[in-house]
Q: 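My structure is below; once you've seen it, I'll send some questions.
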Amino acid sequence: MDSFRSQTRKKRLTPNQLMLLETNFNFDSKLDPGRKSQLALQLGVPPRQVATWYQNRRARDKNQSLEIDHKILQLRLENILSHNAKLQEEVARLKDKLNKVQEMLQTFNSSFSSSSDEVGSTNLIHSSKNHLDMEPYASFIRDAGQFGPTEGDDLFA
DNA sequence: TTGTGTTTTACGACCTC
DNA sequence: GAGGTCGTAAAACACAA
């Protein structure tokens, strides 16, 4: 396809050349024209090859940091998913508990309304009923108080 | 030895300053 | 226009079968 390309032999740099390039790259990943020609002289290669090496080295650097970022994001996602699963379980448990409380209230109210016709002192009965009604709620609120902030709350930090 | 996967080198196209 | 990134071809290399 490309006769020009096939004519240009790809020559690998020696370990010493690579060491010099790496040292310079760690100092500054960008290549100003002065440093390019200076490095080319030191290495005994065309300036174009130095520029190409820097381009490829920057690309490799970027890929590596992208991989690291990807791993970090994946870990965060796993944490969030497991936290979410725990919250779902908690929601189910609380819903169940709420249903039970509502059932208790219903049975209590129905049994009370069937027997209230027989008694004369309404004031006494009402004050007693109000007090008894609060009991299931109180226990419910007590239980709900156990679930404060959890360890997963700083997941987005 | 050779088939195959990975890394390195080199370049064209396009973008930005 | 010089120098950057991005995508990709192809050479060089590593290595199992």
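Values reported hereafter were calculated over all heavy atoms of this structure, with side chains retained and with hydrogens, waters and symmetry mates removed. Lettering follows sequence order; numbering is per chain, from 1.
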Q: Is a side-chain donor or acceptor of A:Asn56 paired with a backbone partner of A:Thr52 at a separation under 3.5 angstrom?
A: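 Side chain of A:Asn56 to backbone of A:Thr52, a donor-acceptor pair under 3.5 Å: yes, one is there.
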
Q: I need the CD-C1' distance between A:Gln17 and B:dT9, as an integer number of Å.
A: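 A:Gln17 atom CD is separated from B:dT9 atom C1' by 13 Å.
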
Q: Residues from residues 50-72 of chain A sitting under 4.0 Å of DNA chain B, heavy atoms only?
A: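 Of all residues in residues 50-72 of chain A, the ones placing a heavy atom under 4.0 Å from DNA chain B are A:Thr52, A:Trp53, A:Asn56, A:Arg60.
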
Q: Mind listing the closest non-hydrogen atom pair of A:Leu31 and A:Arg58 along with its distance?
A: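 Nearest pair, atom of A:Leu31 first, then A:Arg58: N-NH1, 4.3 Å.
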
Q: Give a yes or no answer on whether the side chain of A:Asn26 reaches the backbone of A:Glu22 with a donor-acceptor pair at less than 3.5 Å.
A: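 Side chain of A:Asn26 to backbone of A:Glu22, a donor-acceptor pair under 3.5 Å: yes, one is there.
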
Q: Report the distance from atom CZ of A:Arg12 to atom P of C:dA12, rounded to the nearest whole Å.
A: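 Taking atom P of C:dA12 as the reference, CZ of A:Arg12 is at 9 Å.
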
Q: Between B:dT9 atom C1' and A:Leu18 atom CG, what is the distance in whole Å?
A: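 The answer, rounded to whole Å, is 11 Å.
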
Q: Is a donor on one side and an acceptor on the other found under 3.5 Å between the side chain of A:Asp96 and the backbone of A:Ala92?
A: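 No: the side chain of A:Asp96 does not pair with the backbone of A:Ala92.
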
Q: Whole-Å distance between C:dA11 P and A:Lys10 NZ?
A: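 In whole Å, C:dA11 P lies 7 Å from A:Lys10 NZ.
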
Q: Verify side-chain contact (heavy atoms from CB on, under 4.5 Å) between A:Gln38 and A:Gln42, making sure each step is shown before the conclusion.
A: CA-CA 6 Å; A:Gln38 185 203 336; A:Gln42 279 183 276; 3.4 Å; yes

Q: Heavy atoms from C-beta onward define the side chain here; which of C:dT5, C:dA12, C:dG3 lies closest to that of A:Pro33?
A: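 Side chain of A:Pro33 sits closest to C:dG3.
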
Q: For A:Phe25, does its backbone N or O pair with a side-chain atom of A:Ser29 as donor and acceptor, under 3.5 Å?
A: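 Judged by distance alone, no pair lies under 3.5 Å.
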
Q: For A:Asp69, enumerate each residue passing the salt bridge (Lys or Arg N to Asp or Glu O under 4.0 Å) test, keeping only those at least two apart in sequence or located in another chain.
A: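 So A:Asp69 forms no salt bridge (Lys or Arg N to Asp or Glu O under 4.0 Å) with any residue.
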
Q: Which ones in residues 37-45 of chain A lie close to DNA chain B, meaning a heavy atom under 4.0 Å from one of its atoms?
A: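 Going residue by residue through residues 37-45 of chain A, none turns out to have a heavy atom under 4.0 Å of DNA chain B.
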
Q: Mind calculating the distance between CZ (A:Arg35) and P (C:dG3) to the nearest angstrom?
A: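 In whole Å, C:dG3 P and A:Arg35 CZ are 15 Å from each other.
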
Q: Evaluate A:Asn63 against A:Arg60 for side-chain contact (heavy atoms from CB on, under 4.5 Å), listing each step before the verdict.
A: CA-CA 5 Å; A:Asn63 272 337; A:Arg60 222 182 311 151; 5.7 Å; no

Q: Please report the distance, rounded to the nearest Å, between CD in A:Gln49 and P in C:dG3.
A: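 Whole-Å distance recorded here is 17 Å.
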
